[in-house]
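Keep in mind it's a predicted model, so treat the numbers as computed, not measured.
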Amino acid sequence: MKSVEQSSLLQELTSLKNVQLNLSVPRLVERILDRNEGTLMETGAIQAATGKYTGRSPKDRFVVRDETCENLIDWGSVNQEIDEASFDNLYEKVVNYLKEQNELFHFNGFAGADKKYRLPIQVINEYAWHNLFARQMFITPTEDELQSHNPEFTVVSAPSYKADPAVDGTNSEAFVLISFKKRIILIGGTEYAGEIKKSIFSVMNYLLPQREVLSMHCSANVGQEGDVALFFGLSGTGKTTLSADPYRKLIGDDEHGWSPNGVFNIEGGCYAKCINLSQEKEPQIYNAIRFGSVLENVIFDEDTRNPDYDDTSLTENTRAAYPIENIDNIVTPSVAGHPNTIIFLTADASGTLPPISKLTKEQAMYHFLSGYTSKLAGTERGVTEPQATFSACFGSPFLPLAPSTYAKMLGEKIDQFNSNVFLVNTGWTGGSYGIGNRMKLSYTRAMIHAALEGELNTVETTKDDIFGLEAPMHVPGVPDDVLVPKNTWEDKEAYDTEAKKLAVKFHENFKKFTKADKEISQAGPLYKA
């Protein structure tokens, strides 16, 4: 892919004397503290608050419609279109605003650990803590790589600049605009740093499939025998937690590509949820939060500067951003072979899906396209309790292309490499949200361990008569009753009612996949209203 010449406005912006280029982590921490952007924690991490935007704002995300992408983008509620003139006008306003600032922060890096497929990027920030976030999230070049670094995509982030919807064509003061023609991402009006990370992921989801690489919203790790596992799931389902396994090496916690050569991490860092984080339950993540890490919206003791991960008074979507090197057990570089096991994670708030079930090829394609989970509080604005949602490919908010593009590629790779696929419910058991309890992490870990070790390939199973899923009857370390969700409910009729409601939701959602093969369409729940 050839580098695209940046606009004169961008060249003018990056050449300003007030631009701090590729500052080291210690120097960025100094600037953050001097500018009163954050607070230094006892752990050495920087804590910053993001104001009223404590999660992504999907209704404020737009893609510029132009001749280069209009026939490729899956236009609609996810990929809202904005015209070139509106982008250009707002872009000029933001650049002029940034030129007036006393100081800007510029990072050069990469997205993609596989050098054959990586994307050189640059990130220009109004805030020093956002630049530290970008440095920890993306891949930092070596000194030699910096000398020849030629950015092919640019993020311009100005949180303090607020759009005027009536004039600028946005939906609110906040905006995340992607121009594939100009290769620029424009962010403003929101201080939530996750927009920087996810906008580059959206770009990779556009570029990689065009190079025969499946881009995936998943974590990944590798066992001692070189066996690779993928963990698909939306925010809050356990991707980061479950892939941080002391017995397996971490490839990455959130975004990957699956090329003809194998799996590679798109990022250079981890972005873990901090709610109820403890050293006992998640030691690798807990111990990774040290100097240079960024804590978003985490409450802390004003005197000791100790973070309180149980306090959700700002948001339940508290986050920690840290370089992947802070995890002891990692693959370096973040590349590995082809996946032996694929895990689909869902946090089912209805409490009716089995905690683990082995999927046929057709069921795997059905559930990948469905992407069911319960959207957890805090990950998006306005979400205060779990809501049933279907997000195609477990990452619909970040997919510029039609879901069928990614699903077709996954199906071909499952066939080619004979990968085993499991659906794992990390949500509720013993009742729905508000009645039952969240599945114990120790149970989930035991089930996934059994799946990865091949112990579930030959065990006795029982077929769920509503969802048609095959659940194992015995898993070491897990009570047998837990494996069959109906057994955990006191009110069996209530279970049937809730399970049938969810089955109907699956069928209603899948109606939009009109071009799916008949075998895949029929691989969903057995119950039909």
Using a 4.5 Å cut-off on heavy atoms from C-beta on, say whether the side chain of [Y] contacts that of [X].
X: E267; Y: I200; answer: no
X: N265; Y: V335; answer: no
X: I343; Y: F232; answer: no
X: F368; Y: V421; answer: no
X: L410; Y: I342; answer: yes
X: T373; Y: D348; answer: no
X: T240; Y: D254; answer: no
X: Y117; Y: S259; answer: yes

What is the minimum heavy-atom distance between [X] and [Y], and which atoms define it?
X: L242; Y: F231; answer: O-CZ, 4.2 Å
X: G252; Y: S243; answer: O-OG, 4.2 Å
X: N317; Y: K273; answer: OD1-CE, 3.7 Å
X: C393; Y: P403; answer: SG-O, 3.6 Å
X: N425; Y: P354; answer: CB-O, 3.3 Å
X: A347; Y: W428; answer: O-CZ3, 4.5 Å

Walk me through it: do F180 and Y206 pass the test ring-ring contact (aromatic ring centres under 6.0 Å, His included)?
-> CA-CA 9 Å; F180 288 107; Y206 176 81; 3.9 Å; yes
Y271 and side-chain hydrogen bond (donor to acceptor under 3.5 Å, both in side chains): which partner among E296, R319, Q136?
->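 Only one of E296, R319, Q136 forms a side-chain hydrogen bond (donor to acceptor under 3.5 Å, both in side chains) with Y271, namely E296.
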Testing D88, T154, T68 for side-chain hydrogen bond (donor to acceptor under 3.5 Å, both in side chains) with K182, which one passes?
->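 Answer to the side-chain hydrogen bond (donor to acceptor under 3.5 Å, both in side chains) test with K182 among D88, T154, T68: D88.
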Aromatic contact, [X] with [Y] (centres under 6.0 Å):
X: F506; Y: Y372; result: yes
X: Y247; Y: H449; result: no
X: H217; Y: F398; result: yes
X: F510; Y: Y366; result: yes

Please determine whether a side-chain nitrogen of the Lys or Arg among [X] and [Y] lies less than 4.0 Å from a carboxylate oxygen of the Asp or Glu.
X: D83; Y: R65; value: no
X: E508; Y: K505; value: no
X: R61; Y: E195; value: no
X: K486; Y: D464; value: no
X: K358; Y: E470; value: no
X: E255; Y: K197; value: yes
X: D253; Y: K239; value: no
X: K408; Y: D517; value: no

Flag, side chain of [X] to backbone of [Y], donor-acceptor distance under 3.5 Å:
X: H256; Y: F264; result: no
X: E362; Y: Q522; result: no
X: T50; Y: Y53; result: yes
X: N171; Y: K59; result: yes
X: H338; Y: P260; result: yes
X: E191; Y: T54; result: no
X: D491; Y: E493; result: yes
X: S391; Y: S396; result: yes
X: N79; Y: L399; result: yes
X: Y495; Y: T352; result: yes

What's the verdict on side-chain hydrogen bond (donor to acceptor under 3.5 Å, both in side chains) for D481 and T488, showing C-alpha distance, side-chain angles and the deciding distance?
-> CA-CA 6 Å; D481 280 351; T488 67; over 6 Å; no
For atom [atom1] of [X], is the number of surrounding heavy atoms from other residues, nucleotides or ligands below 6.0 Å larger than 12?
X: E67; atom1: CD; answer: yes
X: K492; atom1: NZ; answer: yes
X: K413; atom1: NZ; answer: yes

From CA spacing to verdict: side-chain contact (heavy atoms from CB on, under 4.5 Å), N420, F422 | CA-CA 7 Å; N420 291 311; F422 295 86; 3.9 Å; yes
Distance from [X] atom [atom1] to [Y] atom [atom2], nearest 0.5 Å?
X: L526; Y: I466; atom1: CG; atom2: CD1; answer: 9.5 Å
X: F62; Y: I82; atom1: CZ; atom2: CD1; answer: 5.5 Å
X: I285; Y: I327; atom1: CD1; atom2: CD1; answer: 6.5 Å

Name the orientation class of the two ring planes belonging to F344 and F394 (parallel below 30°, tilted from 30 to 60°, perpendicular beyond 60°).
->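 The rings of F344 and F394 sit tilted, inter-plane angle from 30° to 60°.
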Before giving the answer on side-chain contact (heavy atoms from CB on, under 4.5 Å), spell out for Y406 and S215 the whole-Å C-alpha distance, their side-chain angles and the decisive distance to 0.1 Å.
-> CA-CA 8 Å; Y406 310 94; S215 52; 3.6 Å; yes
Check the pair R248, D227 against salt bridge (Lys or Arg N to Asp or Glu O under 4.0 Å), reporting the backbone distance first and the verdict last.
-> CA-CA 9 Å; R248 298 174 65 85; D227 55 301; 2.9 Å; yes
Please test K181 against E84 for salt bridge (Lys or Arg N to Asp or Glu O under 4.0 Å), starting from the C-alpha separation and ending with a verdict.
-> CA-CA 10 Å; K181 180 179 180 180; E84 289 188 81; 3.2 Å; yes
Please lay out, stage by stage, how D60 and V176 fare under the test side-chain contact (heavy atoms from CB on, under 4.5 Å).
-> CA-CA 6 Å; D60 295 311; V176 180; 5.6 Å; no
Under the side-chain contact (heavy atoms from CB on, under 4.5 Å) criterion, do T237 and T346 qualify, and how do the steps go?
-> CA-CA 6 Å; T237 56; T346 177; 5.6 Å; no
Check the pair E173 / K52 against salt bridge (Lys or Arg N to Asp or Glu O under 4.0 Å), numbers first and verdict last.
-> CA-CA 12 Å; E173 64 186 10; K52 73 176 184 178; 2.9 Å; yes
Which of these, L441, T444, I448, sits in a side-chain contact (heavy atoms from CB on, under 4.5 Å) with T426?
->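 With T426 as partner, side-chain contact (heavy atoms from CB on, under 4.5 Å) holds for just one option, T444.
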Is there a donor-acceptor contact under 3.5 Å linking the side chains of E498 and S350?
->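 No, no side-chain donor-acceptor contact under 3.5 Å.
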